[in-house]
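Here is the structure we will look at, set down as structure tokens.
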Amino acid sequence: MNLPKNVSVQAVLAFGDSTMDPGNNNYIKALFKANFPPYGKDFMGGNPTGRFSNGKIVTDVFAKELGVKEYLPAYLDPSIQDKDLQTGVSFASAGSGYDPLTTTITSAIPLPVQLDMFKQYMGKLIKKNGKEVANKIISNSVFFISSSSNDFLLNYFFFPTRRSQYDVRAYNNMLVERAVGFVQPSYFLSLEDIDRGSCGTGFIEMAFTCNKFSPTTCSDASKYLFWDSIHPSEKGYNIYVDQVLPDLVKSLF
């Protein structure tokens, strides 16, 4: 992707759920993790990293296409260095949502806590680089947020609590209000199958049910739009970024 002249993106910062979690859940007691095979089979070294895909996830693809770095690390990864912080990290946590009840169910990192992690991250940037440089990094960063699917899939449609309080429209409006509240203070191709995932049957497997014992897992995930029953494959994420990035760049710069 060619950015406009005199424009550069210094960092990518991500918040939200499993579509943007590169492994933060590896370091907390969360319900959903992806740190076991066959997740990550096409990632560097073929090792599971906590990404809910066969390879890169959408934030990795964006980071590369924007010329920032090859992949976006998890903020909670103890191996990240100061140089990693300067080019961005992800605070996302699989199972998170805008509704606080969702993270109570999944033990994921709530979005307000992800925002606290971002503030902590800012403190580290300032301590290491000075306030002026830190502010420049943030002002030249691209922020991504992906959330709310778990609020419906794992919360509203699975547990009765919210259904007894809201109809679908009212619940959706509540989530929109919470999304706005989160954002405001924040500083088809040559695919063999687009209807099912690559892991197992492709219709029901995800997280711990997508594992090395899953039957009929495909050998070539690049021929599938989805990796498991919910999360896109690396190929799927590449297709998505190819479609949205040109308009995103135009709107940002």
Do [X] and [Y] have side chains that get closer than 4.5 Å, going by heavy atoms?
X      : Y      : answer
Ser149 : Asp17  : yes
Leu154 : Ile105 : no
Leu125 : Ile138 : yes
Asn155 : Arg163 : no
Arg178 : Ser148 : no
Gln86  : Val133 : no
Leu175 : Tyr166 : no
Asn24  : Pro22  : yes

First locate atom [atom1] of [X], then atom [atom2] of [Y], and finally report the distance between them rounded to the nearest 0.5 Å.
X      : Y      : atom1 : atom2 : answer
Asn150 : Thr102 : CG    : OG1   : 7.0 Å
Lys124 : Tyr75  : NZ    : OH    : 3.5 Å
Ser107 : Lys29  : OG    : NZ    : 10.0 Å
Phe36  : Asn47  : CZ    : CG    : 14.5 Å
Leu66  : Ser141 : CG    : OG    : 11.0 Å
Thr59  : Arg51  : OG1   : CZ    : 7.0 Å

Grab the two heavy atoms, one from [X] and one from [Y], that are nearest each other, plus how far apart they are.
X      : Y      : value
Gly16  : Ser96  : O-CB, 3.5 Å
Leu72  : Thr87  : CD1-O, 4.4 Å
Ser147 : Gly97  : OG-CA, 3.3 Å
Phe91  : Leu13  : CE1-CD2, 4.0 Å
Ala108 : Ala94  : CB-O, 3.3 Å
Ala92  : Gln114 : CA-OE1, 3.6 Å

Got a donor-acceptor contact below 3.5 angstrom from the [X] side chain to the [Y] backbone?
X      : Y      : result
Glu234 : Lys56  : yes
Lys33  : Ile28  : yes
Asn172 : Val168 : no
Asn54  : Asp42  : no
Asp21  : Gly50  : no
Glu65  : Ala63  : no

*asked:* Going by salt bridge (charged side-chain N to carboxylate O under 4.0 Å, His left out), name the pairs with one or both residues in residues 131-150, residues two or more places apart or in two chains.
replied: none
*If you look only at pairs with a residue in residues 105-115, which of them pass as a salt bridge (charged side-chain N to carboxylate O under 4.0 Å, His left out), with sequence neighbours excluded?*
none
Report whether [X] and [Y] are members of the same hydrophobic cluster (ILVMFWY, side-chain heavy atoms less than 4.5 Å apart, transitive linking).
X      : Y      : result
Ile80  : Ile109 : yes
Phe143 : Val113 : yes
Val61  : Phe43  : no
Leu153 : Phe158 : no
Leu101 : Phe182 : no

Just wondering, more than 12 heavy atoms not from [X] lying within 6.0 Å of its [atom1]?
X      : atom1 : answer
Lys69  : NZ    : yes
Phe157 : CZ    : yes
Tyr71  : OH    : no

*Going by the side chain to side chain donor-acceptor pair (under 3.5 Å) test, name the single residue among Thr106, Thr103, Asn25 that passes it with Ser93.*
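Testing Ser93 for a side chain to side chain donor-acceptor pair (under 3.5 Å) against Thr106, Thr103, Asn25 leaves exactly one candidate, Asn25.
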*Which is it for Tyr98 and Leu111 under the side chain to side chain contact (heavy atoms under 4.5 Å, CB included) test, yes or no, and what are the steps along the way?*
CA-CA 7 Å; Tyr98 288 117; Leu111 282 165; 3.2 Å; yes
*Apply side chain to side chain contact (heavy atoms under 4.5 Å, CB included) to Val9 and Asn140, showing your working.*
CA-CA 5 Å; Val9 176; Asn140 288 286; over 6 Å; no
*asked:* My understanding is that only one of Ile126, Leu85, Asp116 makes a side chain to side chain contact (heavy atoms under 4.5 Å, CB included) with Tyr121; could you say which?
replied: Leu85
*Between Thr19 and Ser146, does a side chain to side chain donor-acceptor pair (under 3.5 Å) hold up when you go through it step by step?*
CA-CA 7 Å; Thr19 58; Ser146 173; 2.8 Å; yes
*Name all residues meeting the ring pair (Phe, Tyr, Trp, His ring centres under 6.0 Å) criterion together with Phe159; count only those two or more places apart in sequence or in a different chain, and write none if there are none.*
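Result, ring pair (Phe, Tyr, Trp, His ring centres under 6.0 Å) vs Phe159: none returned.
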